[in-house]
Chemist: 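Quick one: structure below, then a few questions.
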Amino acid sequence: MDTYNLGDGPQQIQLTVDISTIGLAGSRANAGKPGGSAVAVAHSVDVTGDIPITNIGDAKSLKGSTLVISTLIDLKILGDKEARKAHSDRISGKYILDNGTDGHKVHDQPDKKMPNDDYTTVILLKQFNLL
């Protein structure tokens with residue numbers, strides 16, 4: 001799990017997600033503090049899985065939260081298992097946080113990539129401790 005320093009001012013923290021796939025994808029970002037409920041803060045707006053630049057909340061209220069970004073990718077359209085596996089191996093995600101004291105911070109890979117047994121679906125997971 002990566003960290004991102006927010007600061008403690010009123011500035012809006014921004015998130016951008018870029019998923020590299022030809023499959024159908026959907027992404028969702030949730031933030032929550034320990035012992036509390038997670039709240040949806042961003043989601044993809046089409047089947048690319050990408051989340052355009054989105055304000056996810058102000059630094060002061062997000063401080064101490066964990067940001068979890070999950071992406072579900074459907075690869076059924078790719079034909080046989082070997083083709084799906086080959087594409088699954090190439091899938092990547094770029095995760096960008098901005099406007100905190102860490103500034104513009106880019107992370108080039110998810111924390112986990114979890115294909116199912118026949119590679120018809122892949123789940124990407126990325127987490128940040130927001131400090």
Chemist: May I ask you to say whether Lys126 pairs ionically with Asp111, meaning some side-chain N is under 4.0 Å from a carboxylate O?
Modeler: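 Answer for the salt bridge query: yes.
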
Chemist: Do you know which two heavy atoms are closest between Leu124 and Lys113, and how far apart they sit?
Modeler: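 Scanning both residues, the minimum pair turns out to be CD2-CG, 3.6 Å.
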
Chemist: Locate the shortest heavy-atom distance separating Gln11 from Leu6; write the atom from each residue and the value.
Modeler: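 For Gln11 versus Leu6, the nearest heavy atoms are NE2-O, 2.9 Å.
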
Chemist: Closest heavy-atom contact between Gly93 and Ile19?
Modeler: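 Reported closest heavy-atom pair: CA-CD1, 4.1 Å.
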
Chemist: So that I can tick it off, tell me whether Asp74 and Lys76 are bridged by a salt bridge, with the cut-off set at under 4.0 angstrom between side-chain N and carboxylate O.
Modeler: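 Result for this pair is yes, salt bridge flagged.
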
Chemist: In Å, rounded to the nearest 0.5 Å, how long is the span from CG of Asp108 to CD1 of Ile96?
Modeler: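 Asp108 CG to Ile96 CD1: 8.5 Å, rounded to 0.5 Å.
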
Chemist: Does atom CD1 (Ile53) have a neighbourhood of more than 12 heavy atoms from anything else shown, all under 6.0 Å?
Modeler: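 Counting other residues, nucleotides and ligands, CD1 of Ile53 stays at 12 neighbours or fewer.
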
Chemist: Which value, rounded to the nearest 0.5 Å, describes the distance between Asp58 atom CG and Lys63 atom NZ?
Modeler: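 Rounded to the nearest 0.5 Å, the CG-NZ separation comes out at 11.5 Å.
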
Chemist: How close do Asp118 and Lys81 get, heavy atom to heavy atom, and via which atoms?
Modeler: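 That would be O-CG, 4.0 Å.
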
Chemist: Are Val122 and Ile77 in one and the same hydrophobic cluster, where Ile, Leu, Val, Met, Phe, Trp and Tyr link if side-chain heavy atoms are under 4.5 Å apart?
Modeler: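 Same cluster.
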
Chemist: Do Ile123 and Leu72 have side-chain heavy atoms sitting under 4.5 Å apart?
Modeler: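 Counting from C-beta outward, Ile123 and Leu72 do come under 4.5 Å.
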
Chemist: Taking atom CD1 of Ile91 and atom OG of Ser20, what is their separation to the nearest 0.5 Å?
Modeler: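 Here the interatomic distance stands at 8.0 Å.
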
Chemist: Once rounded to the nearest 0.5 Å, what's the spacing between atom OG1 of Thr21 and atom CZ of Arg90?
Modeler: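 Nearest 0.5 Å value for the OG1-CZ distance: 9.0 Å.
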
Chemist: Less than 4.5 Å apart, any side-chain heavy atom of Pro110 and any of Leu125?
Modeler: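 Not in contact.
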
Chemist: Can you measure from CD1 (Ile13) to CG (Leu97) and round to the nearest 0.5 angstrom?
Modeler: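 Taking CD1 in Ile13 and CG in Leu97, the distance rounds to 8.0 Å.
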
Chemist: Please list every donor-acceptor pair under 3.5 Å in which a side-chain atom of residues 35-45 meets a protein atom from a residue at least two apart or in another chain.
Modeler:
from, atom 1, to, atom 2, distance (Å)
Ser44, OG, Ser27, N, 2.9
Ser44, OG, Ser27, O, 3.4

Chemist: Do Ser92 and Gln109 come close enough that some side-chain heavy atom pair is under 4.5 Å?
Modeler: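 Counting from C-beta outward, Ser92 and Gln109 do come under 4.5 Å.
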
Chemist: Evaluate the side-chain proximity of Tyr95 to Leu67: yes if any heavy-atom separation is below 4.5 Å, no if none is.
Modeler: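 Of all side-chain heavy-atom pairs linking Tyr95 with Leu67, none is under 4.5 Å.
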
Chemist: Taking ring pair (Phe, Tyr, Trp, His ring centres under 6.0 Å) as the definition, give me every residue that meets it alongside His107, ordered by chain and number, with sequence neighbours left out.
Modeler: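 With sequence neighbours excluded, His107 shows a ring pair (Phe, Tyr, Trp, His ring centres under 6.0 Å) to Phe128, given in chain and number order.
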
Chemist: Say whether, by atom type as modelled, one donor and one acceptor occur between the side chain of Arg84 and the main chain of Gly79 under 3.5 angstrom.
Modeler: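 Side chain of Arg84 to backbone of Gly79: a pair is present.
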
Chemist: Taking all atoms of both residues into account, what is the closest heavy-atom pair of Gly100 and Tyr4, and its distance?
Modeler: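 Reported closest heavy-atom pair: N-OH, 2.9 Å.
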
Chemist: Are Val47 and Ile69 co-members of a hydrophobic cluster defined by side-chain heavy atoms under 4.5 Å apart?
Modeler: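 Cluster IDs for Ile69 and Val47 differ.
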
Chemist: Quick check: closest heavy atoms across Lys105 and Thr3, and the distance to 0.1 Å?
Modeler: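 Shortest heavy-atom contact: NZ-O, 3.0 Å.
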
Chemist: Answer whether the closest heavy-atom distance between the side chains of Thr16 and Asp98 falls below 4.5 Å.
Modeler: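 No, their side chains stay 4.5 Å or more apart.
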
Chemist: Is there a donor-acceptor pair closer than 3.5 Å between any side-chain N or O of Asn30 and the backbone N or O of Val68?
Modeler: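 Looks like no, no N/O pair under 3.5 Å.
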
Chemist: Out of curiosity, Gln127 CD to Thr66 OG1, how far, rounded to the nearest 0.5 Å?
Modeler: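 Rounded to the nearest 0.5 Å, the CD-OG1 separation comes to 7.0 Å.
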
Chemist: Identify which one of Asp102, Asn129, Thr101 satisfies the side chain to side chain donor-acceptor pair (under 3.5 Å) criterion when paired with Asn5.
Modeler: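 Single side chain to side chain donor-acceptor pair (under 3.5 Å) partner of Asn5 among Asp102, Asn129, Thr101: Asp102.
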
